[in-house]
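All residue numbers refer to positions in the sequence shown, counting from 1. Just so it is clear, the model here is predicted, and its values are computed rather than measured. Hydrogens, waters and symmetry mates play no part in the numbers below; they use all other heavy atoms, side chains included.
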Amino acid sequence: MSSSFTAPIRDQIETKTWMWQGFSIGYKAYGNSGPAVVMVHGFGASSGHWRKTLPVLGENCRCYAIDLIGFGASAKPTPGKEIDYTFETWGQQIADFCREVVGGPAFLVGNSIGCIAVMQTAVDNPELAKGVALLNFSLRLLHERKRSELPWYQRLGAPVLQRFLRIKWVGQYFFSQLAKPKVVRNILLQAYCRPEAVTDELVDLIMAPAADPGAADVFIAFTSYSQGPLPEDLIPILPCPAIILWGTEDPWESIDLGRELAKFPTVERFIPLEGLGHCPQDEAPEIVNPILVNWIGENQVEG
């Protein structure tokens with residue numbers, strides 16, 4: 001498979017809707033034959049973050065990129081009333097997507113919090129996971145079980161900020177200040193090492209769902225979520241092969257801590273991506289795509 005892509009090919013990506021538990025879920029699809037691949041975005045992102053990966057893997061695979069409920073084009077129901085925004089919820093969503101849309105097992109590919117979601121899917125539904133590829137997964141350092149390891153100012157400051165943001169008008173105001181093109185661009189320029197990858201298209205992709213009703217409530221709910229699984233809970237009990245890719249210059253998730261988690265025997269390979277940041281699939285698809293293509297090919301043959 002070629003790792004190149006062009007705008008006309010990307011325009012052929014199908015944008016679709018699936019109903020899940022009464023809620024509308026957005027997803028994108030490309031490719032009609034071969035093994036299934038389901039891609040899951042990170043916090044604040046959407047299925048569009050895989051727009052440079054879908055057409056390449058889709059040459060020989062049936063590829064899907066799903067919007068987790070609460071993000072992208074998916075519904076954003078009221079947290080705690082209509083739905084709980086947890087990894088167990090998202091894991092169930094991905095599993096049901098595999099059953100109802102994909103029609104069976106798939107290779108699961110995640111970035112950031114999407115990695116935790118796909119691992120949760122695999123652990124809870126081993127029959128649906130052919131393998132998991134984890135790109136700069138979230139280490140969840142603000143989790144209640146990890147705070148004792150943090151410097152005192154972070155250990156004390158994070159819970160205070162979380163409580164403060166749960167005051168509705170405070171949280172809404174904070175979100176409104178973040179959801180501005182200039183602010184989003186600056187955040188992306190921190191996460192990406194290649195400034196040329198932070199395009200107007202990317203900023204628009206992140207900005208669009210922020211205008212949806214309920215987007216601020218989802219943001220506040222997740223920033224207050226300090227429970228649920230840690231990556232070190234899920235990695236050792238994965239029922240399928242795992243590969244980890246990690247941008248060496250990720251400012252948010254330490255590659256050194258990632259290397260430690262890669263020592264679990266369920267991880268087949270740990271690949272550092274030199275000079276890349278938190279979202280390598282979008283920043284350098286010409287590097288990431290061939291790795292994923294080869295990994296899928298190897299595990300498909302073995303399977």
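Checking side-chain atoms of Gln281 against main-chain N and O of Thr53 turns up no donor-acceptor pair under 3.5 Å. Using a distance-only test at 3.5 Å, with no hydrogens or angles considered, no donor-acceptor pair links the side chain of Trp246 to the main chain of Gly277. Using a distance-only test at 3.5 Å, with no hydrogens or angles considered, a donor-acceptor pair links the side chain of His41 to the main chain of Leu68. In this structure a side-chain-to-backbone donor-acceptor pair under 3.5 Å is missing from Thr78 to Lys81. Within the 3.5 Å criterion, the main-chain N or O of Ala215 finds no donor-acceptor partner in the side chain of Asp212.
With sequence neighbours excluded, the residues that form a side chain to side chain donor-acceptor pair (under 3.5 Å) with His49 are Tyr192. By the salt bridge (Lys or Arg N to Asp or Glu O under 4.0 Å) test, Glu82 is found to be paired with no residue, residues two or more places apart in sequence or in another chain being considered. The salt bridge (Lys or Arg N to Asp or Glu O under 4.0 Å) check on Asp204 picks up nothing, with sequence neighbours excluded. Partners of Arg62 according to the salt bridge (Lys or Arg N to Asp or Glu O under 4.0 Å) rule, which considers only residues two or more places apart in sequence or in another chain, do not exist here.
Taking the six-membered ring where the residue is Trp, the centroids of Trp18 and Phe97 are separated by under 6.0 Å. The ring of Phe23 has its center no closer than 6.0 angstrom to the ring center of Trp20.
Using a 4.5 Å heavy-atom cutoff, the side chains of Phe71 and Ser46 are not in contact. Using a 4.5 Å heavy-atom threshold, the side chains of Asp200 and Arg185 count as touching. Counting only heavy atoms from C-beta outward, the side chains of Leu188 and Val203 approach each other to under 4.5 Å. Proximity of Val109 to Val40: side-chain heavy atoms (C-beta onward) are nowhere separated by under 4.5 Å. With contacts defined as side-chain heavy-atom distances shorter than 4.5 Å, the pair Tyr30/Glu14 does not qualify. Here the side chains of Leu273 and Ile271 are in contact, with some heavy-atom distance below 4.5 Å.
Using a 4.5 Å cut-off between side-chain heavy atoms of Ile, Leu, Val, Met, Phe, Trp and Tyr, with links allowed through other members, Val184 and Trp252 fall into different hydrophobic clusters. The same ILVMFWY cluster, assembled from side-chain heavy atoms under 4.5 Å apart, contains both Met39 and Ile287. In terms of hydrophobic clustering, with Ile, Leu, Val, Met, Phe, Trp and Tyr side chains grouped at heavy-atom distances under 4.5 Å, Val183 and Met207 are assigned to different clusters. Tyr27 and Leu128 fall into different hydrophobic clusters, where Ile, Leu, Val, Met, Phe, Trp and Tyr are joined by side-chain heavy atoms under 4.5 Å apart, directly or via other members. Linking Ile, Leu, Val, Met, Phe, Trp and Tyr whenever their side-chain heavy atoms come within less than 4.5 Å leaves Val198 and Ile187 in two separate clusters.
Nearest approach of Ala197 to Leu202, heavy atoms of both residues: O-CD2, 3.7 Å. The shortest non-hydrogen separation linking Gly275 to Cys193 is O-CB, 3.3 Å. When all heavy atoms are compared, the tightest approach of Leu292 to Ala133 is CD2-CB, 3.8 Å. Between Leu234 and Gln120, the shortest heavy-atom distance links the atoms CD1-N, 3.9 Å. Taking each heavy atom of Val37 and Ala106 in turn, the nearest pair found is N-CB, 4.4 Å. Here the closest non-hydrogen pair linking Pro290 and Pro285 is CD-O, 3.8 Å.
A side chain to side chain donor-acceptor pair (under 3.5 Å) check over residues 63-75, counting only residues at least two apart or in different chains, returns the pairs Ser47-Asp67. Applying the ring-ring contact (aromatic ring centres under 6.0 Å, His included) rule to pairs touching residues 99-134 yields Phe107-Trp295, sequence neighbours excluded.
Atoms OG1 and CD1, on Thr266 and Ile243 in that order, are 13.0 Å from each other to the nearest 0.5 Å. One finds the CG atom of Asn111 at 4.5 Å from the SG atom of Cys279 (value rounded to the nearest 0.5 Å). Separating the CG atom in Asp96 from the CG atom in Asn125 is a distance of 8.0 Å, to the nearest 0.5 Å. Between Lys28 atom NZ and Thr15 atom OG1 the span is 3.0 Å, to the nearest 0.5 Å. Atom CG of residue Asn60 and atom OG of residue Ser33 lie 7.0 Å apart, to the nearest 0.5 angstrom. Put simply, CG on Leu134 and OG on Ser112 are 11.5 Å apart, with the number rounded to the nearest 0.5 Å.
The pair Asp217-Lys76 does not count as a salt bridge, with every side-chain nitrogen at least 4.0 angstrom from each carboxylate oxygen. Contact check on Arg51 versus Glu201 returns a salt bridge, with a Lys/Arg side-chain nitrogen under 4.0 Å from an Asp/Glu carboxylate oxygen. In this structure, Arg194 pairs ionically with Glu286, as a charged nitrogen and a carboxylate oxygen lie closer than 4.0 Å.
Side-chain contact, Gln190 with Asn186: no donor N or O sits under 3.5 Å from an acceptor N or O. Side-chain N/O atoms of Glu298 and Asn294 include no donor and acceptor closer than 3.5 Å.
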